[in-house]
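For reference, the structure is listed below as structure tokens.
Within every chain, numbering begins at 1; the chains are lettered A, B, ... in the order of the sequence lines, protein sequences first and strands thereafter.
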Amino acid sequence: MTPRRPEARLVRSYVVTDGRAHPTRNTLDLVTLLIATTDLSLAGLNPEKRRVMEVCRHGSLSLAEVAGHLRLPVSVTKVLVADLMDSGHIVTRAPIPAARPSDTRILQEVLDGLRARL
Amino acid sequence: MGCAPDSDDVYLRPSVKTAAKLLVVGHFAVGKTTFVGTLSEIRPLRTEEVMTQAGALVDDLAGTRDKTTTTVAMDFGRLTINDSLVLYLFGAPGQRRFTKLWHDMTRGALGALVLADTRRLSHSFEVMGLLEELNLPYAVAVNDFEGAPVHSLDEVREALDLLDETPLVRCDARHPDSSTRALISLVEYLLSRKTELEHA
Ligand SMILES: Nc1nc2c(ncn2[C@@H]2O[C@H](COP(=O)(O)OP(=O)(O)OP(=O)(O)O)[C@@H](O)[C@H]2O)c(=O)[nH]1
Ligand SMILES: [Mg+2]
């Protein structure tokens, strides 16, 4: 059977009726840092997810950068990444909020870093 | 054309643990793309959000091919701050109707730099109002375009009806030092608000 619309199957699995129903998706932000795990097989992943894995394989990137490199909308990228997190193919860096430095600390470091550029 | 980035420089150093986010916003043609491009150490990337006409996000691939949707482009760039911290700059248009996009974009953002143009200061009201509603602190940078009327910063402050505490600077988005200084004013302000809150 030759599908008339090759993207049909792909599309159906990403249709999200309630954009926030997925638990892992709630934690995903434009600047969530993503890392591909190397020990899982890519067999069974659809082409879009393989492309995400391909981009992430060589080092870590933010979710927005992955979307930019793949020329996919951010919202679609989030759905793909959330699925890949569920299957263990992608992990996020510093997932524990408690391990995140305070905003004050971050702002001070940003300020020092910017001043050093002048 | 492959989809994997071709240079190692596009990836973050393995020591990077935290990403901070600042927004660069303003009306049409005010210099957002220029500003992000001037400061970014990676080739600035462009991402798109696909919205329905009503402003809802479309997050399936079928919807993104639908003719009734509209695409909102965001530019973003990256600056390495130190071994463990990177700063992302997001440039985005200031239209109110993209509410959902705004909520997503401002989530986790530390603050925003509003770019303004003295030839059309009133065009900045929409985005400033939006930031105030979303409770995101901001500073304003006036880009001096050629042929634009020269106003003192006091006049601009009055015309924009800024709070006394809101930083207002001049900036040339085409120049790294000038753009860096504008960001510094924003971050100094954000930091002073934090320390005030902590001591309150
Ligand atoms: N004189 C002057 N020109 C600028 C400055 N910043 C940007 N420009 C010019 O203004 C024009 C528009 O700049 P963009 O960076 O594309 O503006 P934008 O806000 O991204 O525009 P849209 O995405 O279309 O809303 C370009 O021709 C820039 O070279 C500035 O600070 N001073
Ligand atoms: Mg632009």
| said: Evaluate A/Arg117 against B/Leu79 for side chain to side chain contact (heavy atoms under 4.5 Å, CB included), listing each step before the verdict. | reply: CA-CA 10 Å; A/Arg117 286 173 172 256; B/Leu79 290 85; 3.5 Å; yes
| said: Using the rule that Ile, Leu, Val, Met, Phe, Trp and Tyr join whenever any side-chain heavy atoms are under 4.5 Å apart, tell me whether B/Phe35 and A/Val31 fall into a single cluster. | reply: no
| message | Using heavy-atom distances under 4.5 Å, tell me whether B/Ile81 contacts chain A through its side chain, its backbone, both, or neither. | response | both
| Same cluster (ILVMFWY, side-chain, under 4.5 Å), A/Leu111 and B/Leu39 | yes
| request: Please list, in residue-number order, every residue in residues 120-157 of chain B that has a heavy atom less than 4.5 Å from any heavy atom of chain A; write 'none' if there are none. | output: none
| request: Please flag which part of B/Asn82 lies under 4.5 Å from any non-hydrogen atom of chain A: side chain, backbone, both or neither. | output: side chain
| message | Can you tell me how far apart CG (B/Leu190) and CD1 (A/Ile106) are? Round to the nearest 0.5 Å. | response | 12.0 Å
| task | Treat each ILVMFWY residue as a node, draw an edge where side-chain heavy atoms are under 4.5 Å apart, and state whether B/Leu12 and A/Val110 are in one component. | result | no
| task | Specify the closest pair of heavy atoms between B/Ser84 and A/Glu109, including all atoms of both residues, with the distance to one decimal. | result | OG-OE1, 4.4 Å
| field | Residue A/Arg105 excluded, over 12 heavy atoms near CZ under 6.0 Å | value | no
| note | In terms of heavy-atom pairs under 4.5 Å with chain A, the winner among B/Leu110, B/Leu186, B/Thr195 is B/Leu110
| task | Give a yes or no on whether B/Asp164 atom CG has more than 12 heavy-atom contacts from other residues, nucleotides or ligands under 6.0 Å away. | result | no
| Contact winner vs chain B - A/Thr104, A/Val74, A/Ile35, heavy-atom pairs under 4.5 Å | A/Val74
| message | Let me confirm one number: the OH-CG distance from B/Tyr88 to A/Leu33, rounded to the nearest 0.5 Å. | response | 5.5 Å
| task | Take atom CZ of B/Arg170 as the centre, draw a 6.0 Å sphere, and report whether it contains more than 12 heavy atoms from other residues, nucleotides or ligands. | result | yes
| request: Check whether A/Leu118 gets within reach of chain B through its side chain, its backbone, both or neither, counting any heavy atom under 4.5 Å. | output: both
| query | Taking A/Cys56, A/Ala116, A/Gly68 one by one, which has the highest count of heavy-atom pairs under 4.5 Å against chain B? | reply | A/Gly68
Output a table of donor-acceptor pairs, distance under 3.5 Å, between side-chain atoms of residues 23-30 of chain B and any protein atom two or more places apart or on a different chain; print 'none' if there are none.
none

| field | Check: B/Phe90 and A/Leu30 side chains under 4.5 Å, non-hydrogen atoms | value | yes
| task | Consider only side-chain heavy atoms of I, L, V, M, F, W and Y, link residues closer than 4.5 Å, and tell whether B/Met74 and B/Val36 are in one cluster. | result | no
| query | chain A heavy atoms under 4.5 Å from B/Arg78: which part of the residue, side chain, backbone, both or neither? | reply | side chain
| query | Which atoms of B/Val16 come close to chain A, meaning under 4.5 Å heavy atom to heavy atom: side chain ones, backbone ones, both, or neither? | reply | both
| query | Does the side chain of A/Gln108 come within less than 4.5 Å of B/Lys194's, by heavy atoms? | reply | no
| query | Do the non-hydrogen side-chain atoms of A/Leu114 and B/Glu188 ever get within less than 4.5 Å of each other? | reply | no
| request: Please report the shortest heavy-atom distance between B/Thr18 and A/Pro101, naming the atom on each side. | output: OG1-CD, 3.7 Å
| A/Glu65 versus B/Tyr11: any side-chain heavy-atom pair under 4.5 Å? | no
| note | From the list B/Thr180, B/Ile184, B/Thr47, B/Val72, the residue making the most non-hydrogen contacts under 4.5 Å with chain A is B/Ile184
| request: Under 4.5 Å heavy-atom distance to chain A, tell me which part of B/Met105 shows up: side chain, backbone, both or neither. | output: both
| query | Taking a hydrophobic cluster as the set of Ile, Leu, Val, Met, Phe, Trp and Tyr residues connected by side-chain heavy atoms closer than 4.5 Å, whether directly or through intermediates, do A/Leu84 and A/Leu28 fall within one such cluster? | reply | yes
| note | Pair count under 4.5 Å, heavy atoms only, with chain A: among B/Leu87, B/Thr80, B/Leu85, highest is B/Leu85
